[in-house]
Amino acid sequence: QVQLVESGGGLVQAGVSLRLSCSASGRTLRTNTMGWFRQAPGKEREFVAAIRWPDTATVHADSVKGRFTVSRDSAKNTVYLQMNGLRAEDTAVYFCASSSRRLIMSAMSLNHMYIDWGQGTQVTVSS
């Protein structure tokens, strides 16, 4: 099992930037694909971005393309989500997830492909 801990969330104004971190521990060899998902109140969990290892292929949701960037520091077993130009509609709890598989690009956005999940970190953007 992999333990995932997110951090970096907070209350910010629209237009500013935040960087979320997801630190993995335990069986980190099971983190060949790592993703970020978010869930706003009253809505279903939705895909945000994912990164595959070791080729570092990435996928971003259309709603965040050009604003959010996923990256990974394998030496630190940490995945990041750099969020620029935040909007009120980005308000949600952000979750980190991992899969032991090197998922194909079309599968990286599917939440059922991920096995381990963090507890989430709240991001609130005021307009």
Side-chain angles (χ1 to χ4, degrees):
Q1 189 175 1
V2 177
Q3 291 78 43
L4 302 172
V5 178
E6 303 95 335
S7 62
L11 171 61
V12 297
Q13 290 188 329
V16 303
S17 300
L18 274 179
R19 188 178 78 161
L20 304 183
S21 299
C22 173
S23 177
S25 61
R27 299 180 65 181
T28 55
L29 288 177
R30 291 164 54 100
T31 58
N32 288 308
T33 306
M34 296 192 72
W36 286 97
F37 293 78
R38 66 186 181 186
Q39 187 166 20
K43 295 188 177 181
E44 292 187 354
R45 189 171 297 186
E46 66 172 358
F47 170 74
V48 177
I51 185 166
R52 185 174 65 198
W53 203 254
D55 63 345
T56 69
T58 61
V59 176
H60 295 78
D62 288 343
S63 59
V64 306
K65 275 182 183 176
R67 300 189 298 125
F68 292 10
T69 303
V70 62
S71 62
R72 175 172 177 158
D73 185 335
S74 285
K76 297 181 179 179
N77 290 321
T78 301
V79 172
Y80 303 98
L81 184 67
Q82 178 67 43
M83 305 187 296
N84 299 328
L86 282 163
R87 305 168 180 168
E89 54 264 38
D90 295 319
T91 295
V93 177
Y94 284 70
F95 299 90
C96 174
S98 71
S99 170
S100 60
R101 299 167 59 183
R102 294 185 180 93
L103 299 175
I104 59 175
M105 301 287 278
S106 59
M108 290 168 70
S109 61
L110 304 177
N111 59 12
H112 67 269
M113 301 300 290
Y114 295 84
I115 297 173
D116 297 298
W117 292 79
Q119 294 300 307
T121 183
Q122 177 70 48
V123 173
T124 303
V125 184
S126 62
S127 57

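Source: prediction; values computed, not measured. Because only heavy atoms are used, hydrogens play no part in the values below, and waters and symmetry mates are left out as well, while side chains stay in.
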Between OG on residue S99 and NE2 on residue H112, distance to nearest 0.5 Å | 10.5 Å
State which residues pass salt bridge (charged side-chain N to carboxylate O under 4.0 Å, His left out) with E46; sequence neighbours excluded, sorted by chain then number.
-> R38
C96 backbone acceptor or donor facing E6 side chain under 3.5 Å | yes
Donor-acceptor under 3.5 Å (S127 side chain, A88 main chain) | no
Which residues satisfy the side chain to side chain donor-acceptor pair (under 3.5 Å) test with T31, sequence neighbours excluded?
-> R72
Salt bridge (charged side-chain N to carboxylate O under 4.0 Å, His left out): which pairs involve residues 102-127, sequence neighbours left out?
-> R30-D116
Could you pull out all residues at least two apart from F68 that satisfy ring pair (Phe, Tyr, Trp, His ring centres under 6.0 Å)?
-> none
Linking I/L/V/M/F/W/Y whenever their side-chain heavy atoms sit closer than 4.5 Å, directly or via other members, would V12 and Y94 fall into one cluster?
-> yes
Answer yes if V2 and L20 sit in the same cluster of Ile, Leu, Val, Met, Phe, Trp and Tyr residues linked by side chain heavy atoms under 4.5 Å apart, and no otherwise.
-> yes
Could you grab the distance from atom CE of M113 to atom OG of S98, nearest 0.5 Å is fine?
-> 13.0 Å
Give the minimum heavy-atom separation between L81 and A49, together with the two atoms involved.
-> CD1-CB, 4.1 Å
Only counting residues at least two apart or in another chain, list the ones meeting ring pair (Phe, Tyr, Trp, His ring centres under 6.0 Å) with F37.
-> F47, Y114, W117
Rounded to the nearest 0.5 Å, what's the gap from OG1 on T78 to CE on M34? Could you check?
-> 8.5 Å
ILVMFWY network linking V16 to L18, side-chain heavy atoms under 4.5 angstrom | yes
Among all residues two or more places apart in sequence or in another chain, which pass the side chain to side chain donor-acceptor pair (under 3.5 Å) test with R67?
-> D90
How would you list all residue pairs meeting side-chain hydrogen bond (donor to acceptor under 3.5 Å, both in side chains) that involve residues 79-89, not counting sequence neighbours?
-> S17-N84, Q82-N84
Point-to-point distance, once rounded to the nearest 0.5 Å, from OG1 of T91 to CG of L11 | 8.5 Å
For residues 13-28, pull every pair meeting salt bridge (charged side-chain N to carboxylate O under 4.0 Å, His left out), keeping only residues two or more places apart or in separate chains.
-> none
Got a sec, which residues hit side chain to side chain donor-acceptor pair (under 3.5 Å) with Q3, two or more places apart in sequence or on another chain?
-> none
To the nearest 0.5 Å, what is the distance between OG (S23) and CG (D73)?
-> 10.5 Å
Which residues pass the side-chain contact (heavy atoms from CB on, under 4.5 Å) test with Q39, sequence neighbours left out?
-> R45, F95
What donor-acceptor contacts under 3.5 angstrom involve side-chain atoms of residues 53-61, with partners at least two apart or in another chain?
residue	atom	partner	partner atom	Å
W53	NE1	S74	OG	3.4
D55	OD1	R52	NE	3.2
D55	OD1	A57	N	3.4
D55	OD2	R52	NE	3.1
D55	OD2	R52	NH2	2.5
H60	NE2	V70	N	3.1

What is the minimum heavy-atom distance between G9 and T121, and which atoms define it?
-> N-OG1, 3.2 Å
Pairing residues for K76 by the side chain to side chain donor-acceptor pair (under 3.5 Å) criterion, not counting sequence neighbours = none
Do the side chain of N32 and the main chain of S100 share a donor and acceptor less than 3.5 angstrom apart?
-> yes
Measure the OG1-CD1 distance between T33 and I51 for me, rounded to the nearest 0.5 Å.
-> 9.5 Å
